[in-house]
Amino acid sequence: GYDSVVYTARPLPQLGRMPQVTRVTPVRVPWVAGVGCTSCAAINTSGSLDAFEIAPGDLAHTVKLVSGRLPDQSDPGEALASASFADDSGVRVGSVIQILEPTPAQISQVQAQNQPPSPAQLAKVPRHSVRVTGLVITENEFPAGSGGRYDLFPTRAYAAANDPHTQVLTFYYVRSEERRVGKECRSRW
């Protein structure tokens with residue numbers, strides 16, 4: 001569904017106006033410190049975990065549903081999970097996953113200490129439970145030498161309920177006429 005991903009801490013409204021760009025999909029990405037699942041094997045995400053908040057109309061360009069159903073966007077307790085969760089940790093349709101989303105103060109504290117959060121710090125991180133309604137495949141999951149990807153796709157209702165309490169970045173999935181657009185985008189910013 002896309003040729004490049006642009007990671008940024010600031011909005012880039014001009015990205016869609018570049019002549020080579022044919023489609024820009026903004027994706028909100030809340031800060032996730034970890035996940036848990038009591039009915040699954042241990043989930044070892046090794047820093048390759050994200051929760052992508054993608055507009056329902058853009059999901060079809062980003063994920064391919066392989067089992068289950070799409071979540072009800074009005075339900076904050078439903079989400080899609082990448083098939084790598086199923087392959088590596090036994091996550092299934094119906095599994096309940098706890099998403100740990102730290103507050104901005106908790107994020108600042110860990111960044112200031114310049115080391116991973118301690119178990120005591122992680123124990124204080126707010127947790128939000130979601131039931132997996134479907135498993136999906138994404139481009140991110142195909143091996144590219146960087147290890148496995150573990151992605152969640154919560155609903156709009158989840159974002160509305162939880163995003164105000166954590167930090168949220170915006171990524172952009174970019175589709176272009178030419179495969180070179182990724183290189184050109186990087187050189188302009």
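Below, each value reflects all heavy atoms present in this structure, side chains not excepted, and no hydrogens, waters or symmetry copies.
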OH of Tyr158 to CD of Glu53, rounded to nearest 0.5 Å, is 7.5 Å
Mind checking whether Tyr7 and Phe171 have parallel, tilted or perpendicular rings, split at 30° and 60°?
-> perpendicular
In terms of heavy-atom contacts, Arg156 and Pro56 come closest through NE-CD, 3.6 Å
So CG of Leu135 and OG of Ser82: to nearest 0.5 Å the spacing works out to 8.5 Å
Only distances under 3.5 Å count here; give the side-chain donor-acceptor pairs of residues 30-40 to other protein atoms, sequence neighbours excluded, each with its distance to 0.1 Å.
none

Measuring only between side-chain heavy atoms, which start at C-beta, is Gln98 closer than 4.5 Å to His128?
no
Any donor-acceptor pair under 3.5 Å from Ser95 side chain to Arg92 backbone:
yes
Item checked: Backbone N/O of Pro102 and side chain of Thr166: donor-acceptor pair under 3.5 Å -> yes
Given side chains that start at C-beta, do those of Tyr172 and Val27 come closer than 4.5 Å, heavy atoms only?
no
When Gln106, Arg127, Lys124 are each screened for side chain to side chain contact (heavy atoms under 4.5 Å, CB included) with Leu100, the one that passes is Arg127
Heavy atoms of Pro26 and Thr170 approach each other most closely as CB-CG2, 4.4 Å
Tell me if a side-chain donor or acceptor on Thr133 pairs with a main-chain N or O of Arg69 at a distance below 3.5 Å. yes
Cluster link Val5 to Leu59, ILVMFWY, side chain under 4.5 Å: yes
Residue set satisfying side-chain hydrogen bond (donor to acceptor under 3.5 Å, both in side chains) with Asp72, at least two apart, ordered chain then number -> Ser74
Same cluster for Val24 and Met18 if Ile/Leu/Val/Met/Phe/Trp/Tyr side chains link at under 4.5 Å? yes
Applying side-chain hydrogen bond (donor to acceptor under 3.5 Å, both in side chains) to Asp75 and not counting sequence neighbours gives none
The reported gap from CD in Gln167 to CD1 in Ile107 (rounded to nearest 0.5 angstrom) is 4.0 Å
*Give a yes or no on whether Val110 and Leu169 share a hydrophobic cluster (residues Ile, Leu, Val, Met, Phe, Trp, Tyr; joining criterion: side-chain heavy atoms under 4.5 Å apart).*
no
To the nearest 0.5 Å, atom OG of Ser4 lies from atom CD of Gln20 at 10.5 Å
*Determine whether the side chains of Gln73 and Glu78 contain a donor N or O and an acceptor N or O closer than 3.5 Å.*
no
Does Arg23 come within less than 4.0 Å of Asp3, counting only side-chain N to carboxylate O?
-> no
Shortest non-hydrogen pair, Pro76 vs Val130, comes out as O-CG1, 3.8 Å
Among side-chain atoms of Tyr150 and Asp50, is any donor-acceptor pair under 3.5 angstrom?
no
Correct closest heavy-atom pair for Ala160 and Pro164 would be O-CD, 3.5 Å
d(Thr138 OG1, Leu80 CG) to nearest 0.5 Å is 11.0 Å
Taking every heavy atom of Arg28 against every heavy atom of Asp163, the minimum-distance pair comes out as NH2-OD2, 3.4 Å
When every non-hydrogen atom of Arg17 is compared with those of Pro13, the smallest separation belongs to NH1-O, 3.7 Å
Say whether Val91 and Val93 are linked into one hydrophobic cluster, either directly or through other cluster members, by side-chain heavy-atom distances under 4.5 angstrom. yes
**Prompt:** Tell me, do Asp151 and Phe85 make a side-chain contact under 4.5 Å, heavy atoms counted?
**Reply:** no
**OP:** Decide whether Leu65 and Tyr173 are clustered together by the hydrophobic rule: side chain heavy atoms of Ile, Leu, Val, Met, Phe, Trp, Tyr closer than 4.5 Å, transitively.
**Re:** yes
Val6 side chain reached by Leu15 side chain, heavy atoms, under 4.5 Å:
yes
